[in-house]
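One structure below.
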Amino acid sequence: MAVATRTALAILASAVIIGCHQPRDTRVLGVTVPHECEREDHASEQCAGVFVAILMRLLGVETYDDPAITAYVTTVGERVARAAGDHRRWRFVVLDTPRINAFAALGPTIYVNRGMLGLLRSEAELAAVLGHEIGHVLGGHTRIGWDEARRPVTRSDAANYLEHRYRRDDEIQADEQAVLLAARAGYDPNAAPTMLAALAATDPRSEPDADDVHPWWDERLARIQLLAATQPRGGERGEARFYARLAALVVGINPQRELMVVGNAVIYAPGALALELPAGVTAHPRGGAVAIRWRDGSEFEVDEWTAALGEMLASDGHHRSLTIGDHAIVADSPHGAELFRARRAIRRDELEQLRPARIDFTTPRRLWLP
Amino acid sequence: MPLADKSTTTIAAVEIVGAPPRLAATLARLIATTPGMVVSEAPLQQDLRRLWQSGVVADADIELGGTSRDRVRFVVTVRPPIGKVTVRGGDRDLARRFALLEGTRYEPTRLARMAEASELAYRRSGRLDATVDVTTRSSRQLGGVDVCVAANPGPMVTISEIRFAGRTAIGERDLLAALTKGGETNRPGGLYDADAFGNGVIHLQAAYWDRGYALVEVAAPRLVRLGERLVIELVIREGELFRIGAVTTNGFTRAPLTKLAGARFSRSEIVEAKDRLQTALDASDVTPLTKIDLERRVINIYFEASWQWPWQRVPH
């Protein structure tokens with residue numbers, strides 16, 4: 001994420017070179033950049049929102065195209081924000097990625113991945129997720145993070161350790177707000193611990209990572225359980241409403257937007273094409289990308305990026321890209337060239353397998369236990 | 001419970017007391033001591049540590065209960081709640097961050113860190129005298145704690161002058177440009193950013209390395225406060241001028257390097273030569289290894305090239 005952040009800042013800064021003589025808006029990777037944001041060090045909340053939008057484009061993440069779901073998330077989010085006494089105009093964006101995550105940006109804007117929505121089982125749990133992110137904004141953590149990302153400094157190990165502790169305190173505070181704001185908004189405060197237990201169950205790690213600013217799951221769970229136990233009983237869970245509003249949510253990989261492996265081909269639906277795997281070459285999905293195993297045993301990833309970044313990467317000699325319209329498929333290997341020579345149209349039988357899966361609320365959810 | 005309890009009693013039950021039921025169930029899962037273990041062999045101290053590390057326990061102790069003293073009880077006191085938070089001074093962000101603590105649990109070390117982080121944020125924004133102090137008192141709420149935060153950001157301090165003592169080889173304007181690298185901080189009229197200043201000193205040294213001063217020393221900056229103005233003094237020991245001596249390699253042609261030997265030492269030119277060599281040889285890596293000859297004031301360089309199969313290379 002840090003590399004992508006610096007790249008996004010560099011791209012934003014490069015807009016200065018293009019348009020430095022007259023104050024006019026520019027476009028970077030399809031995002032409108034107001035002229036006042038062209039200075040790399042401009043620190044307004046609006047410009048921060050522009051920066052994050054560019055970062056999203058860099059990462060190849062699009063907003064989820066379901067206005068009804070976005071409106072529902074916004075309604076819940078605004079209810080939680082008002083419970084905090086904050087009457088600013090908040091923006092809630094659902095991102096079209098199966099990765100389970102949500103994050104806060106200046107603006108104030110809260111981003112929630114479709115993957116996170118698919119993990120939840122009640123409106124109260126959604127309120128807890130949004131309460132955590134709103135807590136980051138209210139606590140000023142997003143502002144600090146923005147300021148720090150723009151300071152090109154190298155710190156000592158001791159200073160880095162302290163910074164790490166401060167950011168961990170921010171996460172603890174955000175978890176507290178997940179409980180307190182949801183409760184204040186009239187939701188069941190015990191939804192926050194179950195939400196966290198479900199989230200923890202998706203973590204493949206068996207022990208904490210020293211670089212992670214989040215406390216380990218047992219500590220996070222203990223903290224919010226203690227806080228939830230002291231909140232007034234009652235509060236709605238809103239399960240029926242949640243199920244009704246999210247019934248159309250796509251879960252897992254969205255084959256209409258992302259790379260899929262179907263039989264002996266890598267399918268890219270937005271470009272209506274397939275890459276036929278050469279003999280001796282296999283593929284499997286890996287976290288939103290597709291991992292290709294070549295004949296000599298080496299592995300490389302094929303991923304979907306924006307067209308601009310695809311062309312940039314192709315010029316550095318380490319990657320090959322195939323550009324279709326606004327999209328590019330990028331392979332981080334010279335083998336990509338051979339792979340791209342094997343492209344063809346998608347077959348009818350392959351199209352049949354591209355129907356997205358919808359959320360299934362009847363499937364039991366794993367909950368993490370210490 | 002005594003640390004060196006040698007009881008050979010077999011544990012019949014393990015309990016957590018003093019916490020709400022759901023929390024007690026979570027804390028119980030952190031504990032490795034189980035029924036069936038012998039008391040003297042059970043990991044009681046480690047379990048106590050795990051309870052402390054949960055973040056919710058203010059105090060924890062172990063009791064042996066039951067008529068046979070075979071029931072191990074972890075007696076915990078959960079952290080007390082924070083009642084009212086009062087903030088005096090400081091900006092709106094600070095006030096809001098501390099106000100969010102109302103209703104949460106009192107953790108003295110976390111409060112101290114939050115105050116410290118707030119002070120640091122102020123100092124990074126130029127308020128070098130900022131202080132943020134936290135005091136507590138018992139809350140009207142039973143068993144709770146009220147928190148009072150007193151923030152004094154102090155005046156904004158700007159740099160009035162940066163002095164480079166001991167410089168002769170490079171002009172003051174060029175040194176300032178190297179130090180600030182086009183940034184807004186650490187320049188006359190700007191704010192002092194201690195972290196960025198360290199980076200700036202490295203750029204300053206690099207400016208000397210590119211002009212042949214391979215052993216330049218820049219002392220730690222001396223800060224002189226004059227009210228709301230700051231004067232920064234940097235003492236520079238430029239040292240001797242060095243040239244490049246022998247240029248050797250691990251066997252390949254030196255054609256791309258012929259201009260280097262005998263030239264004035266320049267770090268940038270050595271890096272450029274390394275990159276040209278890597279491209280010319282299609283090497284996976286070229287490492288310049290330097291050796292200083294203080295007597296002759298030359299730096300000998302040995303370029304070591306290594307190759308890997310294409311699929312073993314990691315893109316930079």
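In what follows, chains carry the letters A, B, and so on, assigned in the order in which the sequence lines appear, proteins first and then strands, with residues in each chain numbered from 1.
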Handout entry: Residue of the set B:Thr104, B:Leu23, B:Thr26, B:Val56 for which side-chain contact (heavy atoms from CB on, under 4.5 Å) holds with A:Arg223
Key =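 Testing each of B:Thr104, B:Leu23, B:Thr26, B:Val56 against A:Arg223, the sole residue satisfying side-chain contact (heavy atoms from CB on, under 4.5 Å) is B:Val56.
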Got a second to check how far [X]'s [atom1] is from [Y]'s [atom2], nearest 0.5 Å?
X	Y	atom1	atom2	answer
B:Arg22	A:Leu221	CZ	CG	10.5 Å
A:Tyr166	B:Ser118	OH	OG	9.0 Å
B:Arg105	A:Leu226	CZ	CG	4.0 Å

Measure [X] against the heavy atoms of chain B and call it side chain, backbone, both or neither at under 4.5 Å.
X	answer
A:Glu176	side chain
A:Glu163	side chain
A:Leu138	both
A:Leu181	neither
A:Asp175	neither

Evaluate whether atom [atom1] of [X] has more than 12 neighbouring non-hydrogen atoms of other residues, nucleotides or ligands under 6.0 angstrom away.
X	atom1	value
A:Asp209	CG	yes
A:Arg295	CZ	yes
A:Arg205	CZ	yes

Practice task
Under 4.5 Å, counting heavy-atom pairs only, tell me which of B:Ala117, B:Pro20, B:Ser125 racks up the most with chain A.
Solution key: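 Winner by heavy-atom pair count: B:Ala117.
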Exercise for the section: Tell me, out of B:Leu101, B:Asp93, B:Leu100, who's got the most heavy-atom pairs with chain A below 4.5 Å. Expected result: B:Leu100
Problem - A:Asp86 side chain near B:Arg96 side chain, heavy-atom distance below 4.5 Å - result: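 Side chain of A:Asp86 against side chain of B:Arg96, heavy atoms only: contact under 4.5 Å found.
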Practice task
Using a 4.5 Å cut-off on heavy atoms from C-beta on, say whether the side chain of B:Glu116 contacts that of A:Leu162.
Solution key: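 SC-SC contact between A:Leu162 and B:Glu116 confirmed.
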Exercise for the section: Check each atom of B:Glu102 against the heavy atoms of chain A and say whether the ones under 4.5 Å are side chain, backbone, both or neither. Expected result: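 The backbone, not the side chain.
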Problem - B:Ile202 portion near chain A, given a 4.5 angstrom heavy-atom threshold - result: neither
Exercise for the section: Between chain B and each of A:Gly140, A:Pro215, A:Pro193, A:Ala222, count heavy-atom pairs under 4.5 Å; write down the option with the most. Expected result: A:Ala222
Problem - Candidate list B:Arg110, B:Arg113, B:Arg97, test side-chain hydrogen bond (donor to acceptor under 3.5 Å, both in side chains), partner A:Asp169, passing option - result: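 For A:Asp169, the side-chain hydrogen bond (donor to acceptor under 3.5 Å, both in side chains) test succeeds with only one of B:Arg110, B:Arg113, B:Arg97, which is B:Arg113.
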